Amino acid sequence: MSDLYGGQAVIEGVMMRGPHHFAVAARRANGEIAITCEAVPNQNRPAWQKLAFLRGVFGIVGAMRLGARSLLWAAKIAEEEIAETDKPSGKVMDVVLGSTVVLSLALAIFFKTLPQIPIQFAKNAGWPAWQIILMDFTIRVVFITGYLLLIARMKHVFRVFQYHGAEHKAINALEAGQELTVENVRAASRLHPRCGTSFLFGLIALSVLAMSYFNINNNVLWQRIVIQVGSLPLMAGVMFEILRLGGKFRSNAAVAFLSKPGLWTQYLTTREPDDSQIEVSIASLKAAMDAENRNASETQTG
């Protein structure tokens with residue numbers, strides 16, 4: 001069951017998710033750790049949404065909504081505006097979650113179409129195919145890398161990246177069969193094969209390779225943009241399955257080697273956490289595990 005846990009850094013805290021429950025732990029200004037734990041919403045998806053290459057798309061949308069929900073709770077805890085058991089109003093939650101999904105999709109579409117104009121100029125100038133493909137990949141990587149490096153200079157984002165590292169360390173310690181202590185978690189790696197950063201950069205590489213035929217052989221700009229946008233769910237679904245297999249067979253030498261570039265990208269979005277941040281990640285993971293254990297016991301007795 002340890003490989004079924006994942007998470008996300010939030011403001012002064014960490015969200016940890018199991019198969020049926022998720023927990024968010026955040027550090028209050030007075031030093032206390034506030035924790036909330038709930039059932040994962042919309043667990044009973046139709047069977048067709050759980051099929052390979054489709055489950056990734058629906059899983060990503062669900063993860064964005066859950067992440068926005070966790071961020072909102074943690075932000076309020078950090079400001080000491082609500083107690084652990086309080087929940088934001090339904091209208092506020094709907095607006096925040098809906099806006100997050102729409103904004104994320106808009107940014108994804110922009111990022112997918114960003115290189116198409118310089119590609120058009122390169123095609124008109126008669127560049128060879130390999131140069132166009134390389135330019136496409138370079139534009140995407142430079143854009144996203146520059147963005148991450150820029151925002152990492154912000155104090156609050158830097159701390160979120162530290163909590164991201166703490167989240168990875170806690171899950172790595174759990175998956176290694178170690179007791180969840182500060183010492184064990186501190187010694188674990190801050191890189192993890194199922195990270196969203198690896199997903200993002202892997203999606204860039206996969207998209208460039210998969211769409212290279214259309215970029216080279218289609219001279220109509222608007223058609224290439226439509227193909228790029230339309231292929232986004234398919235590419236995301238394929239990349240989800242690749243990372244899922246990578247996480248499942250991470251002990252395999254060949255898989256470990258192929259996963260290294262994706263792991264290296266996580267140096268952009270993780271930082272070494274301090275012990276207080278590790279304590280928060282452990283508290284969140286233990287809360288999620290306790291909820292999963294209770295759910296398993298209730299299912300067996302029921």
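On a predicted model such as this, the values are computed, not experimentally measured, just so you know.
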Atom pair CZ/CG of Arg17 and Leu66 - distance to nearest 0.5 Å:
5.5 Å

Are any of the side-chain heavy atoms of Ser207 and Gln228 separated by less than 4.5 Å?
yes

Atom CD1 in Ile132, atom CE in Met135: separation rounded to 0.5 Å?
6.5 Å

Looking at Asp290 and Arg294, does any basic side-chain N land under 4.0 Å from a carboxylate oxygen?
no

Is there a salt bridge (charged side-chain N to carboxylate O under 4.0 Å, His left out) between Lys169 and Glu272 once you walk through the steps?
CA-CA 9 Å; Lys169 282 175 173 284; Glu272 284 294 333; 3.2 Å; yes

Euclidean distance, Phe121 CZ relative to Leu221 CG, rounded to 0.5 Å:
9.5 Å

Checking the side chain of Asn124 only, and the main-chain atoms of Gln120 only, is there a donor and an acceptor separated by less than 3.5 Å?
yes

Nearest 0.5 Å, what's the CD1-CG distance between Ile204 and Leu209?
12.0 Å

Would you check if there is a donor-acceptor pair between the side chains of Ser212 and Asn215 at a distance under 3.5 Å?
no

Is a side-chain N or O of Asn172 found less than 3.5 angstrom from the main chain of Ser189, in a donor-acceptor match?
yes

Under 4.5 Å between side-chain heavy atoms, hopping through other hydrophobics if needed: is there a path connecting Val157 to Phe143?
yes

Are Met16 and Tyr5 packed together at the side-chain level, in the sense that at least one heavy-atom pair is separated by less than 4.5 angstrom?
no

Determine whether His168 and Gln266 make a side-chain contact, defined as any pair of heavy atoms from C-beta on separated by less than 4.5 Å.
yes

Can you get from Tyr267 to Leu263 by hopping between Ile, Leu, Val, Met, Phe, Trp and Tyr side chains that sit under 4.5 Å apart?
yes

Apply side-chain hydrogen bond (donor to acceptor under 3.5 Å, both in side chains) to the pair Gln223 and Asn218, showing each step before the final yes or no.
CA-CA 8 Å; Gln223 290 181 359; Asn218 190 319; 3.1 Å; yes

Please determine if Glu167 and Arg190 form a salt bridge, counting it only when a charged side-chain N lies under 4.0 Å from a carboxylate O.
no

Below 4.5 Å, heavy atoms only, C-beta onward: do Tyr147 and Thr145 meet side chain to side chain?
no

Tyr163 side chain reached by Val10 side chain, heavy atoms, under 4.5 Å
no

Under 4.5 Å between any side-chain heavy atoms of Ile60 and Phe199, yes or no?
yes

Please tell me whether Gln8 and Ser70 have a donor and an acceptor in their side chains that are separated by less than 3.5 angstrom.
no

Ignoring hydrogens and angles, tell me if any N or O in the side chain of Arg140 forms a donor-acceptor pair with the backbone of Ala205 under 3.5 Å.
no

Dump the intermediate steps for side-chain contact (heavy atoms from CB on, under 4.5 Å) on Ile119 and Lys123, then the final yes or no.
CA-CA 6 Å; Ile119 284 176; Lys123 288 168 66 69; 3.8 Å; yes

For the atom pair SG (Cys195) and CZ (Phe201), what is the distance rounded to the nearest 0.5 Å?
10.5 Å

Any idea which heavy atoms bring Ile77 and Ala26 closest together, and the distance?
CG2-CB, 3.8 Å

Determine the minimum heavy-atom distance between Ile35 and Ala25, stating which atoms define it.
CG1-CB, 4.0 Å

Same cluster for Ile33 and Met289 if Ile/Leu/Val/Met/Phe/Trp/Tyr side chains link at under 4.5 Å?
yes

Closest heavy-atom contact between Ala254 and Asn252?
N-OD1, 2.9 Å

Under the side chain to side chain donor-acceptor pair (under 3.5 Å) rule, collect the residues that match up with Gln178, sequence neighbours excluded.
none

So do the side chains of His20 and Val40 get within less than 4.5 Å of each other, counting heavy atoms only?
no

Is Arg27 salt-bridged to Glu32, cutoff N-O under 4.0 Å?
no

What do the steps show when you test Ile139 against Phe137 for side-chain contact (heavy atoms from CB on, under 4.5 Å), and what is the final call?
CA-CA 6 Å; Ile139 289 174; Phe137 181 76; over 6 Å; no

Give a yes or no answer on whether the side chain of Ser284 reaches the backbone of Ala23 with a donor-acceptor pair at less than 3.5 Å.
yes

In sequence, state the C-alpha distance, the side-chain angles, and the governing distance for His192 and Glu175, and then conclude on side-chain hydrogen bond (donor to acceptor under 3.5 Å, both in side chains).
CA-CA 11 Å; His192 193 279; Glu175 292 178 347; 2.9 Å; yes

Close side-chain approach of Arg153 to Phe158, heavy-atom, < 4.5 Å
no

What one should report as the nearest heavy-atom pair of Trp48 and Leu54 is O-CD1, 3.4 Å

For Thr197 and Thr269, which I'm curious about, is there any donor-acceptor pair between the side chains at under 3.5 Å?
yes

How far apart are the closest heavy atoms of Ala173 and Leu180, and which atoms are they?
CB-CD2, 4.2 Å

Glu292 side chain to His21 backbone, donor-acceptor under 3.5 Å
yes

Among Ile278, Val280, Leu285, find the residue that satisfies the side-chain contact (heavy atoms from CB on, under 4.5 Å) test when tested with Ile282.
Ile278

Could you see if Leu191 belongs to whatever hydrophobic cluster contains Leu149? Use Ile, Leu, Val, Met, Phe, Trp, Tyr and a side-chain cutoff under 4.5 Å.
no

Would Leu206 and Val238 count as a side-chain contact (heavy atoms from CB on, under 4.5 Å) if you check the C-alpha gap in whole Å, the side-chain angles of each, and the deciding distance to 0.1 Å?
CA-CA 9 Å; Leu206 179 64; Val238 172; 3.7 Å; yes

Crowded around Leu51 CG? As in, over 12 foreign heavy atoms under 6.0 Å?
yes

Would you name the heavy atoms of Gly230 and Pro233 that are closest together and state the gap between them?
O-CD, 3.4 Å

Rounded to the nearest 0.5 Å, how far apart are CZ of Arg224 and CG of Asn217?
10.5 Å

Is there a donor-acceptor contact under 3.5 Å from the side chain of Thr265 to the main chain of Gly262?
yes

NZ/NE/NH1/NH2 to OD/OE distance under 4.0 Å, Arg55 and Glu241:
yes

Among side-chain atoms of Gln162 and Arg271, is any donor-acceptor pair under 3.5 angstrom?
no

Exactly one of Arg159, His156, Arg28 should register a side chain to side chain donor-acceptor pair (under 3.5 Å) with Glu12. Which one does?
Arg159

Show your working on side-chain contact (heavy atoms from CB on, under 4.5 Å) between Phe161 and Ile151 and close with a plain yes or no.
CA-CA 10 Å; Phe161 284 0; Ile151 64 172; 4.2 Å; yes

With clusters defined by side-chain heavy atoms of hydrophobic residues (ILVMFWY) lying less than 4.5 Å apart, directly or transitively, does Val141 cluster with Val208?
yes

